[in-house]
Enquirer: 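One structure coming up, written as structure tokens, with questions to follow.
Please read all numbers here as calculations on a predicted model, not as lab measurements. Proteins come first, then strands; the chains are lettered A, B, ... in the order of their sequence lines, and each starts at number 1.
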There are 2 protein chains.
Amino acid sequence: MSVMKAGLEDIVVSTSDICFIDGHEGRLLYRGYDVNDLVARSTFEEVCSLLWYGRLPTRKELEAHVKALASTANRKLPPKIITMLRQLPKKATPMEVLRTGVSALSAFDPDAGNLSHEAELRKTIRLTAQMPTLVAAWERIRRGKPVVAPNPRLSLAANFLTMLTGKKPTPLAVKTFDVALILHADHEFNASTFAARVTAGTLADLHSCIVSAIGALKGPLHGGANEQVMLMVEKIGKPERADAWVKNFLAQPGARIMGFGHRVYRVEDPRAKHLRRMALELGQEAGDTSSVQIIETINRVVGEQKKIFPNVDLFSGAGYKTMGIPIDQFTPIFAMSRVSGWAAHVMEQHGNNRLIRPRAEYTGPTREQYKPIDQR
Amino acid sequence: MSVMKAGLEDIVVSTSDICFIDGHEGRLLYRGYDVNDLVARSTFEEVCSLLWYGRLPTRKELEAHVKALASTANRKLPPKIITMLRQLPKKATPMEVLRTGVSALSAFDPDAGNLSHEAELRKTIRLTAQMPTLVAAWERIRRGKPVVAPNPRLSLAANFLTMLTGKKPTPLAVKTFDVALILHADHEFNASTFAARVTAGTLADLHSCIVSAIGALKGPLHGGANEQVMLMVEKIGKPERADAWVKNFLAQPGARIMGFGHRVYRVEDPRAKHLRRMALELGQEAGDTSSVQIIETINRVVGEQKKIFPNVDLFSGAGYKTMGIPIDQFTPIFAMSRVSGWAAHVMEQHGNNRLIRPRAEYTGPTREQYKPIDQR
């Protein structure tokens with residue numbers, strides 16, 4: 001057996017054509033396109049098309065694709081799913097609810113057990129369209145408010161914010177949210193995508209793979225990180241307290257501040273600067289930039305003391321908060337975007353499949369003798 | 001980055017004290033104890049104790065452990081879970097239902113978000129106790145029959161068979177089912193356990209990890225294999241047709257018969273002989289050994305032609321079928337047993353955690369230029 005690499009760090013599991021991370025240059029590419037260009041010129045819907053079909057769509061293709069993603073047939077939830085959600089305790093975390101809801105949706109999906117590429121594409125479109133409805137529905141249900149029906153004339157970003165808050169979002173909020181979706185769409189073999197591919201490797205269906213990925217994303221070392229950042233920002237409270245708070249926090253043994261450092265990037269995460277700019281613009285529009293100011297101070301102090309760079313999780317939450325999104329919905333929003341990448345990876349894995357089955361180095365005893373219970 | 005190993009074959013991900021597979025000698029050990037001894041002398045409940053606590057229990061410990069696993073408090077489902085199951089279409093596969101039910105159970109679990117070792121043990125006991133109730137409840141619901149309440153005086157095996165069929169099982173059926181549970185309890189870093197550990201590596205909670213594992217087990221290259229074997233046996237129908245059917249099948253290009261070969265074993269899977277013997281005994285008790293005879297013929301022809309050995313999936317289904325268990329419940333039963341191993345692995349991963357995050361070898365383009373839509 002081969003030498004152990006803890007956490008499979010730098011171990012190449014397979015080839016992939018979907019996402020390229022240059023950790024030394026700080027570049028992130030989807031299907032060869034720089035994410036900076038996509039942020040500046042594309043939309044989340046177009047990025048989905050790029051990830052799933054491998055190239056940018058023509059105008060005709062994009063129109064059909066946007067229509068499919070926005071259609072009521074694809075966005076609406078079966079009424080029995082809503083009934084199921086209403087059985088859950090109001091204190092259930094949005095990630096538990098999303099995981100449960102996506103798992104249940106497969107039972108209503110006409111293509112659930114169909115592993116053909118065409119069926120997986122149909123399921124990918126449906127799930128990407130359904131997940132925002134599911135996330136928003138749970139937010140309304142737990143607050144005792146009426147569930148808002150999806151609007152097929154709105155983009156995924158605008159429709160989600162409308163369903164979640166019951167209000168028309170500002171154009172800046174829609175644009176910012178769309179960019180956040182683009183920036184979270186894929187990131188190579190991160191833990192949740194890898195969980196999806198391990199599940200896909202058994203030839204399990206798309207819903208099983210996405211449910212596995214949602215479970216992995218739920219962990220605080222992965223999708224939960226931006227929630228941790230905002231909880232810290234709330235704890236700090238005021239910008240003028242931030243410098244002392246962070247210095248005091250970092251002085252404690254084993255202190256770890258979320259939102260910094262990355263297994264792959266050795267320089268600044270290219271996603272961070274967009275999220276920082278947008279969080280600031282949104283704060284200015286709303287007349288409250290205190291969260292961004294606190295995060296800027298955290299960033300400065302951590303950078304000075306630890307020489308580590310911000311990652312995607314540092315600034316995303318401040319923007320979401322300004323849009324009126326509760327902190328525990330940040331990770332479900334991450335999932336609403338990343339499902340586009342997860343699905344692309346599942347289809348790639350199924351297109352050239354091999355069971356992913358590593359080994360353990362066994363370090364336990366090998367010759368235990370079974371003794372009758374009264375002799376133990 | 002390191003050289004690629006497709007499917008991580010023979011790549012060691014981490015150390016583990018739980019399960020040892022000697023693929024050359026055909027030995028399988030749980031915590032150092034040979035599975036042959038455990039089959040002969042132990043019970044599934046005791047094996048759970050061994051896997052979770054790392055050693056065989058004293059009499060007093062075992063009594064408390066069995067009582068906890070059997071208690072109505074742990075075995076019964078929240079009524080709202082039953083209401084949720086009733087919303088699902090009757091055609092939903094039992095694995096979709098199990099995945100959804102386990103995911104939903106976390107929302108009712110008082111320890112759901114608690115990652116302490118004590119809380120993980122409590123959740124492990126609850127989930128291991130609840131899963132048979134969930135599997136049986138869905139079987140009753142989809143057949144329009146009343147759900148049978150768990151009986152705290154019965155072993156996990158006897159209680160499950162009673163809840164599933166509504167009838168008292170024979171002692172041989174209970175013994176056989178218990179042995180099957182022992183044999184499926186753990187198997188090192190198989191794909192579903194690895195999916196659980198990848199999810200655990202983000203510090204996700206136990207339910208998320210088990211849900212990921214259920215998704216991976218659902219695939220036909222993993223837990224679905226014994227279902228495929230029995231579907232083949234049903235297609236063959238009569239023992240006298242088996243020889244010609246299998247030879248004809250194997251003559252087709254790319255023919256693959258499930259229930260044979262293994263990524264790790266180079267000799268016969270040590271679990272196969274127990275399941276073969278018990279399937280035969282059960283068939284004799286019921287007065288119908290035709291399924292076992294058909295499988296024996298498949299085994300002989302495949303062995304002669306392909307020089308590969310039977311694995312755990314070849315004989316398990318024949319015994320389940322004789323007990324009156326529908327074919328599509330075989331994989332949920334696998335999960336009811338394997339949850340014991342999954343949970344042990346999640347606790348081991350959390351005890352010495354490192355994020356599992358490998359790399360891809362990127363093989364796509366790196367310099368695509370974003371073109372306006374009308375220039376594509």
Enquirer: Return the option, out of Ala191(A), Ser208(A), Ala196(A), Ala213(A), with the maximum number of heavy-atom pairs under 4.5 Å with chain B.
Expert: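 It is Ser208(A).
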Enquirer: Quick check: closest heavy atoms across Leu105(B) and Pro78(B), and the distance to 0.1 Å?
Expert: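 Distance-wise, the nearest heavy atoms are CD2-CD, 3.7 Å.
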Enquirer: Tell me, out of Pro79(A), Pro365(A), Ser16(A), who's got the most heavy-atom pairs with chain B below 4.5 Å.
Expert: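 Of Pro79(A), Pro365(A), Ser16(A), Ser16(A) has the most heavy-atom pairs under 4.5 Å with chain B.
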Enquirer: Looking at Pro89(A), Gly223(A), Ala195(A), which one has more heavy-atom pairs under 4.5 Å with chain B than the rest?
Expert: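 When all of Pro89(A), Gly223(A), Ala195(A) are compared, Pro89(A) has the most.
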Enquirer: Contact part of Pro57(A) toward chain B, heavy-atom cut-off under 4.5 Å: side chain, backbone, both or neither?
Expert: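 It is both, since atoms from each part get that close.
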Enquirer: Does a side-chain heavy-atom distance below 4.5 Å link Leu28(B) with Phe20(B)?
Expert: no
Enquirer: Under a 4.5 Å cutoff for heavy-atom pairs, which residue among Cys19(B), Ala92(B), Ser192(B), Gly201(B) has the most contacts with chain A?
Expert: Cys19(B)
Enquirer: Is a side-chain N or O of Lys123(B) found less than 3.5 angstrom from the main chain of Asp111(B), in a donor-acceptor match?
Expert: yes
Enquirer: In terms of relative ring orientation, are Phe194(B) and Phe189(B) parallel, tilted or perpendicular, with 30° and 60° separating the classes?
Expert: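 Plane angle under 30°, so parallel.
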Enquirer: Asp22(A) versus chain B, heavy atoms under 4.5 Å apart: side chain, backbone, both or neither?
Expert: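 Nothing of Asp22(A), per the 4.5 Å heavy-atom cut-off to chain B.
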Enquirer: So which residue, Lys371(B), Lys218(B), Arg55(B), Arg197(B), ends up with the most heavy-atom pairs under 4.5 Å with chain A?
Expert: Lys218(B)
Enquirer: For the OG1 atom of Thr202(A) and the CD1 atom of Ile356(A), what is their distance to the nearest 0.5 Å?
Expert: 9.5 Å
Enquirer: Using a cut-off of under 4.5 Å on heavy-atom pairs, state which of His207(B), Glu96(B), Arg31(B) scores highest against chain A.
Expert: Glu96(B)
Enquirer: When heavy-atom pairs shorter than 4.5 Å are enumerated against chain B, which of Thr100(A), Leu85(A), Val97(A), Leu62(A) gives the highest number?
Expert: Thr100(A)
Enquirer: Dump the intermediate steps for salt bridge (Lys or Arg N to Asp or Glu O under 4.0 Å) on Glu46(A) and Arg41(A), then the final yes or no.
Expert: CA-CA 10 Å; Glu46(A) 185 175 77; Arg41(A) 305 171 68 184; over 6 Å; no
Enquirer: Specify which of Ala204(B), Cys209(B), Ala216(B), Gly364(B) makes the most heavy-atom pairs with chain A at under 4.5 Å.
Expert: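 The residue among Ala204(B), Cys209(B), Ala216(B), Gly364(B) with the greatest pair count is Ala216(B).
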Enquirer: May I have all residue pairs that pass salt bridge (Lys or Arg N to Asp or Glu O under 4.0 Å) and include part of residues 85-95 of chain A, sequence neighbours excluded?
Expert: none
Enquirer: With a 4.5 angstrom heavy-atom cut-off, which part of Arg27(A) approaches chain B: side chain, backbone, both or neither?
Expert: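 The side chain, not the backbone.
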Enquirer: Is His187(A) close to chain B through its backbone or its side chain, or both, or neither, when contacts mean heavy atoms under 4.5 Å?
Expert: both
Enquirer: Give a yes or no on whether the backbone of Gly224(B) and the side-chain of Glu227(B) come within a donor-acceptor separation of less than 3.5 Å.
Expert: no
Enquirer: Which of the residues Thr83(B), Ile18(B), Leu203(B) is involved in the greatest number of heavy-atom pairs with chain A at under 4.5 angstrom?
Expert: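 With the most close heavy-atom pairs to chain A, the winner is Leu203(B).
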Enquirer: Side chain, backbone, both or neither: which part of Leu355(A) has a non-hydrogen atom closer than 4.5 Å to chain B?
Expert: both
Enquirer: Nearest heavy-atom pair of Ser212(B) and Thr199(B): which atoms, and what distance?
Expert: OG-OG1, 2.7 Å
Enquirer: Heavy atoms only, distances under 4.5 angstrom: which of Asp205(A), Ile210(A), Leu217(A), Leu115(A) has the most pairs with chain B? Name it, please.
Expert: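 That would be Asp205(A).
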Enquirer: So for Ala112(A), is it side chain, backbone, both, or neither that comes closer than 4.5 Å to the heavy atoms of chain B?
Expert: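 Just its side chain gets close to chain B.
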Enquirer: Let me know if Pro372(A) has heavy atoms under 4.5 Å from chain B in its side chain, its backbone, both or neither.
Expert: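 It is both, since atoms from each part get that close.
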Enquirer: Identify which part of Leu38(B) has an atom lying under 4.5 Å from any heavy atom of chain A, answering side chain, backbone, both or neither.
Expert: side chain
Enquirer: Between Ser42(A) and chain B, which part of the residue has a heavy atom less than 4.5 Å away: side chain, backbone, both or neither?
Expert: both
Enquirer: Flag the one option from Gly219(A), Gly101(A), Gly54(A), Gly113(A) with the top tally of heavy-atom pairs under 4.5 Å to chain B.
Expert: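 Max contact count across the listed options: Gly219(A).
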Enquirer: For the residue pair Asp34(A) and Glu368(B), establish whether any side-chain heavy-atom pair is separated by less than 4.5 Å.
Expert: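 Counting from C-beta outward, Asp34(A) and Glu368(B) never come under 4.5 Å.
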Enquirer: Distance-only, no hydrogens or angles: does the Glu9(A) side chain make a donor-acceptor pair with backbone N or O of Pro358(B) under 3.5 Å?
Expert: no
Enquirer: Name the member of Val211(B), Ile21(B), Asn190(B) that forms the most heavy-atom pairs with chain A at distances under 4.5 Å.
Expert: Asn190(B)
Enquirer: Shortest non-hydrogen contact from Leu29(A) to Thr366(B)?
Expert: CD1-O, 3.3 Å
Enquirer: Under 4.5 Å heavy-atom distance to chain B, tell me which part of Gln375(A) shows up: side chain, backbone, both or neither.
Expert: neither
Enquirer: Counting N and O atoms only, with roles assigned by atom type, does the side chain of Arg99(B) sit under 3.5 Å from a partner on the main chain of Gly215(B), one being a donor and the other an acceptor?
Expert: no
